[in-house]
Novice: 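Have a look at this one before I ask anything.
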Amino acid sequence: MVKLPNLIKKFLTFCSIERHLSDNTLLAYSYDLADFRRWLPAKSRSQPITTDILRAYLENMRLERLQSTATIRRRLACLRSFFRYLHDEGLSSDPFVGWRLKLARRKRLPRALSADETAALLASAGFSPARRRSRLNERIEVALMIATGIRVGELCKLDLEDISQDAASLRIRGKGSRDRVVYVTNPELRRALRRRVQDRRRLSGKGALFLNQRGSRLTPHAFRSQLAGIARLANSKRRITPHMLRHTAATLLIERGVDIRIVQRLLGHSSIATTEIYTHVSDEALRRTLERANVIGSLAA
């Protein structure tokens, strides 16, 4: 029988090469599989994994370690993919077959920035749509994520050849090998992006568009550190993450009446059901709508 560490290694290689999963997803899979391997009793490591073992793992996460439902769902989803792969490869039976596991899914609205928070963040990043002159230390990565809704991993993968000559469109290499094109419609952002491309081409001619402080390709971790510093400059009262910028892009578009199918294409969602979470009415949009309606005032008139 092939040992579990070797099976995990084969699965992660498969996910990387054949499924083209992102580095972030691969890292999450490795963490979740490592957690299961650490928990697995020694006497069970030389035996096939059964449904009863998975139930015991679920009980440990839920009752002993008091882990959140979101964490439990993610880890079991990872294990489901892992054992499905092993079954398809003829390496193991699938202990999830016949197990109808039901975990309550907490419906959480996406955390997006308000218009004021977004403007403050852009200003702290050195980018303002209204200004006419560029600051040398502008971080257009933030503006680009808010304008297009791309993921942080997609931002870091951008190469010079992915940017059109006029910097009005970008080729995005998305999750699951799903490429798409996004558009930069703000003139100031287009000019700033075009300058960045020109500067990079003068130095190397090709390669990564965005670099870290050491001159290597920007990584999601490095961008998160940059974003944290920008958020502090903006006097943000809460922790701002890269995914909040993506949520902000989608929410602002929906609030301004952009068709949900357009937002789906922009974000690269394979299913419109994923995009529908953004159709919630934000508190700010609700307040503005009610102020315009002015029910009592209209009766008095």
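When a residue number appears, it is its place in the shown sequence, counting from 1. Side chains included, hydrogens not; waters and symmetry mates left out as well; all remaining heavy atoms used.
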Novice: Measure across Ile140 and Ala192 and return the closest heavy-atom pair with its distance rounded to 0.1 Å.
Specialist: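 Result for this residue pair: CG2-CB, 3.7 Å.
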
Novice: Below 4.0 angstrom, N of the basic side chain to O of the carboxylate: do Asp32 and Arg74 qualify?
Specialist: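 Counted as a salt bridge, because a side-chain N and a carboxylate O are separated by less than 4.0 Å.
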
Novice: Under 3.5 Å, is there a donor-acceptor pair between the side chain of Glu18 and the main chain of Cys15?
Specialist: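 Not at all, since once roles are kept as given, no pair shorter than 3.5 Å links the two residues.
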
Novice: Of all the heavy-atom pairs spanning Ile146 and Ala249, show the shortest one and how long it is.
Specialist: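 The pair with the smallest heavy-atom distance is O-CB, 3.1 Å.
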
Novice: Would you tell me whether Asp35 and Tyr57 have side-chain atoms, one donor and one acceptor, within less than 3.5 Å of each other?
Specialist: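 Their side chains do contain a donor-acceptor pair, which is all the 3.5 Å distance test asks for.
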
Novice: Could you walk me through whether Leu245 and Leu121 pass side-chain contact (heavy atoms from CB on, under 4.5 Å), step by step?
Specialist: CA-CA 10 Å; Leu245 305 185; Leu121 194 70; 3.6 Å; yes

Novice: When you measure from the side chain of Arg246 to the backbone N and O of Leu267, does any donor-acceptor pair fall under 3.5 Å?
Specialist: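 Pair found, side chain donor or acceptor close to backbone of Leu267.
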
Novice: Please determine, by modelled atom types, if Thr251 and Thr248 share a side-chain donor-acceptor pair under 3.5 angstrom.
Specialist: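 Side-chain D/A pair, Thr251 to Thr248: absent.
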
Novice: May I ask whether Ile262 and Ile254 are part of the same hydrophobic cluster, defined by side-chain heavy atoms of I, L, V, M, F, W, Y residues being less than 4.5 angstrom apart, directly or through others?
Specialist: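 Looking at the clustering, Ile254 is in the same group as Ile262.
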
Novice: Kindly compute the distance separating CG (Leu227) from CZ (Arg239), expressed to the nearest 0.5 Å.
Specialist: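 Nearest 0.5 Å value for the CG-CZ distance: 9.5 Å.
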
Novice: Do Ile53 and Trp39 pass the side-chain contact (heavy atoms from CB on, under 4.5 Å) test, and can you show the C-alpha distance, the side-chain angles, and the key distance before you say yes or no?
Specialist: CA-CA 10 Å; Ile53 290 176; Trp39 168 84; 3.9 Å; yes

Novice: Measuring from atom CE of Met244 to atom CE of Met145, what distance do you get when rounded to the nearest 0.5 angstrom?
Specialist: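 It comes to 11.5 Å.
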
Novice: Group every Ile, Leu, Val, Met, Phe, Trp and Tyr by side-chain heavy-atom contacts under 4.5 Å, then state whether Leu189 and Val152 land in the same group.
Specialist: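 Yes: a chain of side-chain contacts under 4.5 Å links Leu189 to Val152.
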
Novice: What's the spacing between Asp23 CG and His221 NE2 if we round to 0.5 Å?
Specialist: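 Between Asp23 CG and His221 NE2, I get 14.0 Å after rounding to 0.5 Å.
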
Novice: Just do the side-chain contact (heavy atoms from CB on, under 4.5 Å) check on Leu113 and Leu252 with the steps written out, would you?
Specialist: CA-CA 9 Å; Leu113 304 178; Leu252 291 174; over 6 Å; no

Novice: Scan side-chain atoms only and decide if Thr13 and Ser16 contain a donor-acceptor pair under the 3.5 Å cut-off.
Specialist: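 Looking only at side-chain atoms, Ser16 and Thr13 do not form any donor-acceptor pair under 3.5 Å.
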
Novice: Please report whether the ring centroid of Phe223 lies less than 6.0 Å from that of Phe210.
Specialist: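 No, they do not, as the ring centres are separated by 6.0 Å or more.
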
Novice: Look at atom CZ of Arg217 and say whether more than 12 heavy atoms of other residues, nucleotides or ligands are closer to it than 6.0 Å.
Specialist: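 Yes, CZ of Arg217 has more than 12 neighbouring heavy atoms, counting only those of other groups under 6.0 Å.
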
Novice: Same cluster for Leu211 and Val197 if Ile/Leu/Val/Met/Phe/Trp/Tyr side chains link at under 4.5 Å?
Specialist: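 No, Leu211 does not connect to Val197 through the hydrophobic network.
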
Novice: Can you confirm whether the side chains of Ser164 and Asp166 place a donor and an acceptor under 3.5 Å from each other?
Specialist: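 Result is yes, a qualifying pair exists.
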
Novice: Hey, is the main chain of Thr185 close enough, under 3.5 Å, to the side chain of Arg190 for a donor-acceptor pair?
Specialist: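 A pair under 3.5 Å: yes.
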
Novice: Quick one: does Thr71's side chain get under 4.5 Å of Arg62's, heavy atoms only?
Specialist: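 Result no, sub-4.5 Å side-chain heavy-atom pair not found.
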
Novice: Hey, are Asp159 and Arg173 close enough for a salt bridge, meaning a charged N less than 4.0 Å from a carboxylate O?
Specialist: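 Looking at Asp159 and Arg173, the cut-off is met.
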
Novice: How far apart are the closest heavy atoms of Cys156 and Leu218, and which atoms are they?
Specialist: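 Where Cys156 meets Leu218 most closely, the heavy atoms are CB-O, 3.2 Å.
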
Novice: side-chain contact (heavy atoms from CB on, under 4.5 Å) between Leu170 and Asp162: does it pass, once the steps are laid out?
Specialist: CA-CA 6 Å; Leu170 292 73; Asp162 294 328; 5.7 Å; no

Novice: Looking at every heavy atom in both Leu26 and Leu21, which two are closest together, and how far apart are they?
Specialist: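 Result for this residue pair: CD1-O, 3.9 Å.
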
Novice: Should we say atom CZ of Arg261 is surrounded by more than 12 heavy atoms from elsewhere, each under 6.0 Å from it?
Specialist: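 Atom CZ in Arg261 is not packed in, count stays at 12 or less.
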
Novice: What's the spacing between Ile150 CD1 and Leu144 CG if we round to 0.5 Å?
Specialist: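 Result: 4.5 Å between the selected atoms.
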
Novice: Do other residues, nucleotides or ligands put more than 12 heavy atoms under 6.0 Å from the CZ atom of Arg65?
Specialist: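 Enclosed.
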
Novice: State whether Glu117 and Arg238 are salt-bridged, where the test is any N-O pair (Lys NZ or Arg NE/NH1/NH2 against Asp/Glu carboxylate O) under 4.0 Å.
Specialist: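 Counted as a salt bridge, because a side-chain N and a carboxylate O are separated by less than 4.0 Å.
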
Novice: Which atoms form the tightest heavy-atom contact between Arg214 and Asn212, and what is the distance?
Specialist: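 Distance-wise, the nearest heavy atoms are N-OD1, 2.9 Å.
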
Novice: Show me the side-chain donor-acceptor pairs of residues 81-101 shorter than 3.5 Å, one per line, residues at least two apart or across chains.
Specialist:
unit_1 : atom_1 : unit_2 : atom_2 : d
Ser81  : OG     : Ala77  : O      : 3.3
Asp94  : OD1    : Phe96  : N      : 2.9

Novice: State whether Asp179 and Arg171 are salt-bridged, where the test is any N-O pair (Lys NZ or Arg NE/NH1/NH2 against Asp/Glu carboxylate O) under 4.0 Å.
Specialist: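 Yes, Asp179 and Arg171 are salt-bridged.
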
Novice: Any side-chain heavy atom of Ile172 within less than 4.5 Å of one from Leu155?
Specialist: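 Result no, sub-4.5 Å side-chain heavy-atom pair not found.
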
Novice: Working to the nearest 0.5 angstrom, can you tell me the gap between Leu79 CG and Leu33 CG?
Specialist: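 Result: 6.0 Å between the selected atoms.
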
Novice: Please report the closest heavy-atom contact between Ile163 and Ala167, naming both atoms and the distance.
Specialist: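 Distance-wise, the nearest heavy atoms are CG2-CA, 3.9 Å.
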
Novice: Cut-off 3.5 Å, side chains only: do Gln67 and Arg75 have a donor facing an acceptor?
Specialist: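 Arg75 and Gln67 do have a side-chain donor-acceptor pair below 3.5 Å.
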
Novice: How many angstroms lie between CG in Leu158 and CZ in Arg200, if you round to the nearest 0.5 Å?
Specialist: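 Result: 12.0 Å between the selected atoms.
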
Novice: Inspect the contact between Glu188 and Arg191 and indicate whether a charged nitrogen and a carboxylate oxygen are less than 4.0 angstrom apart.
Specialist: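 Yes, this pair counts.
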
Novice: Among Arg202, Arg195, Arg196, find the residue that satisfies the salt bridge (Lys or Arg N to Asp or Glu O under 4.0 Å) test when tested with Asp199.
Specialist: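 Passing option: Arg202.
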
Novice: Test your reading of the model: is there a side-chain donor-acceptor pair from Asn60 to the backbone of Glu64, 3.5 Å cut-off?
Specialist: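 No, Asn60 side chain to Glu64 backbone: no donor-acceptor pair under 3.5 Å.
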
Novice: Considering only NZ, NE, NH1 and NH2 on the basic side and carboxylate oxygens on the acidic side, decide whether Glu161 and Arg201 come within less than 4.0 Å.
Specialist: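 No, this pair does not count.
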
Novice: Would you say the side-chain atoms of Ser124 pair up with the backbone N or O of Ala120, donor to acceptor, closer than 3.5 Å?
Specialist: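 At least one qualifying donor-acceptor pair exists.
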
